[in-house]
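Values below: all heavy atoms of this structure, side chains included; hydrogens, waters and symmetry mates excluded.
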There are 2 protein chains.
Amino acid sequence: MITIKEIAKLANASSSTVSRFLNDSGYVSDEARKRIEKVIRETGYIPSEHAKSLRTKQTKVIGVIVPRLSTDTSSRLVNAINDELAEHGYQIILANTNLSPAKEIENLKLLRSRQVDGIILLATNVNEELIREIRQLPIPLVALGQEIPGISFIVNDDYGAAKDMTELLITRGHKKIAFIGVPEQDRAVGYFRKKGFMDALQEKSISICNEWMAEANFDLSSGYEAMKTILQRTAQKPTAVFAVTDSIAIGAMHYLMEIECHIPKDMAVVGTGNSRVSQYIKPSLTTVDFSNEDMGRKAAKLLLHHIKETNGEPKKITMTYSIIKRDSV
Amino acid sequence: MITIKEIAKLANASSSTVSRFLNDSGYVSDEARKRIEKVIRETGYIPSEHAKSLRTKQTKVIGVIVPRLSTDTSSRLVNAINDELAEHGYQIILANTNLSPAKEIENLKLLRSRQVDGIILLATNVNEELIREIRQLPIPLVALGQEIPGISFIVNDDYGAAKDMTELLITRGHKKIAFIGVPEQDRAVGYFRKKGFMDALQEKSISICNEWMAEANFDLSSGYEAMKTILQRTAQKPTAVFAVTDSIAIGAMHYLMEIECHIPKDMAVVGTGNSRVSQYIKPSLTTVDFSNEDMGRKAAKLLLHHIKETNGEPKKITMTYSIIKRDSV
DNA sequence: GACTAATGTGGAATCGATTCCATACACATC
DNA sequence: GATGTGTATGGAATCGATTCCACATTAGTC
């Protein structure tokens, strides 16, 4: 590999001058500029980022930790983050946790050793150890999707969205509404969405039947199973079902179709997240759009802000949402 | 940041010894080992990868260039690549071209300056300049999706898949088959899939009507428009349509539904790629599965092979495919 | 007891950039 | 002519690791 020294020699200058030329810092005469430019063009010289980083403590790389990349939400978020960061000359290095909390911490360390300038963490379940690890991080971190006390985060208005959506169902005349959630460890999806649902019912004095509440994990088949469980154990069939994610909703719809329960005539279904699939299935799914694109860009901007202002206060941003009315209600 | 020197001082050893301890290279006595271990544990020392890379010329980072991250294919590929590489202690740094050829080259340079150990390029259109740039790369590169002469690549059997699928339509009695393609610059999707389609028809001596051939780009709405164009300009309505991607197929289906053309009774539709959506739409889409998961892992393995054996011959791998029969035919 | 071999350790050069500092020259100002 | 200022350049230290080499100690062999 060709180095700055060799460029300097070929251009009849010192490496200091070449460096000043490269970074546009300090004086370089026009003649020297021309000579250096020529040599660089001819040799195809590309400066080593490692040597640079070692000296400057800046890497222009941001670490992004995601639970898994192959989901709609993750890939849209990462795409938006990348677009925004690229505009500011940053690249991203990916770390995939495959939903394992241990890997979340391991990745945090890995990224630290690469001296990334900052980290964006797409959090799922937040535990004590993770918070401790984040706190002692020497670089800024922005969490997405979950509230983490003391650090900057961006969350969706999970509570408001779930409440609004439930109210929509009530407005349409539904009184017997089933609910398929996920474990409450996941504060955002498990706890807040459930709370929004419950509060909406309570405000309208609509009773909640335990038989209509089921728990799934994040995948489609678990939505299918949850719907099955609900309908098989209850005598009084609900007229609508609220699912905390689109995948769960689509799984539930599959079961309903299987037993020839018509959507929305016999049973209304709503999801959450506005996955790409949701608009192409039949009937198209009424859901909540959280604008991942916007969230990703905001996250990138917030992180860049923290990188600039190292002593900036932690910020909490709550994204707005919109209800997408389609044919499943 | 704490450095190896400070660790050495605290552990009453030299940095050489600490380094030997860290890399398990050379002699370190048990006593020294214990002292160093203790100090590292207490200080939470994490070695700088930059200093390491500068010296060793190894980064344990692979660059991955994708046209865009938010598509099914890309995100599944990247996920698989990441999984495989992570198992071997590598991380990936992402570069997004947003479909611009200029950015493809720019990213190549960017990754080179970061001294990644290798590059995986998810190629779209391959031009002379790109090939030149790749050839003079001092590190191994594996291309995905497109054939690039002289370097290792993994491609789908686009020709075979398109031919097989067309034969399926013919077997089902279709003789008037429309085709929605993409520009032939994209050799894999544009040229080979089209050729497979044409050859299948020719072999069965089925004539091809120019009015039934349309071109779209990769997005859904262009599939919608292409279908519209075909049906509006032809007197003789085809009975089936072959789309070179699932997105195009779904766009076409939307138009067909709009004009109340029943699928598959009035018109059979087939796509290519087995996108996640394809199985959830109604009617579910008959399509070709290329197993991106497998391709991603193979790409990672092939790249690692080239990193080890620097003088390895370029390899060409063609993936197999399988036709997924569903309800749209 | 002399020699070799194995074990263990630290000093110093090195990787490829940036950056502080010293120096030099040209010109303007009083 | 002394002084100051802006322009231009190169030398040398530095970042934090690895690694070669020299050296010291101990053990084993004849």
Rounded (10°) bend between the five-pair end axes of the helix from C/dG1-D/dC30 to C/dC30-D/dG1: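 Overall, the helix from C/dG1-D/dC30 to C/dC30-D/dG1 bends by 50° from one end axis to the other.
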
Sequence-distant partners of A/Asp219, side-chain hydrogen bond (donor to acceptor under 3.5 Å, both in side chains), two or more places apart: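 With neighbours one apart ignored, the set is A/Ser221.
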
Residues in side-chain hydrogen bond (donor to acceptor under 3.5 Å, both in side chains) contact with B/Arg276, at least two apart in sequence or another chain: B/Asp72

Salt bridge (charged side-chain N to carboxylate O under 4.0 Å, His left out) involving A/Glu42 - partner list, sequence neighbours excluded: A/Lys38

Side chains of residues 64-71 of chain B: which donor-acceptor partners sit under 3.5 Å, not counting sequence neighbours?
unit_1, atom_1, unit_2, atom_2, d
B/Ser70, OG, A/Asn79, ND2, 3.3
B/Thr71, OG1, B/Ser74, N, 3.3
B/Thr71, OG1, B/Ser74, OG, 3.0

Salt bridge (Lys or Arg N to Asp or Glu O under 4.0 Å) pairs, two or more places apart, involving residues 85-96 of chain A: A/Glu87-A/Arg297

Footprint string (nucleotides 7-20 of chain C, 5' to 3'): B base within contact, S backbone only, - free, heavy atoms under 4.0 Å: BBBBBBBBBBBBB-

Contacts of B/Ala51 that satisfy side-chain contact (heavy atoms from CB on, under 4.5 Å) - sequence neighbours left out: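 Only A/Leu54, B/Ser48 meet the side-chain contact (heavy atoms from CB on, under 4.5 Å) criterion with B/Ala51.
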
All side-chain contact (heavy atoms from CB on, under 4.5 Å) counterparts of A/Glu31, not counting sequence neighbours: A/Ser29, A/Arg35

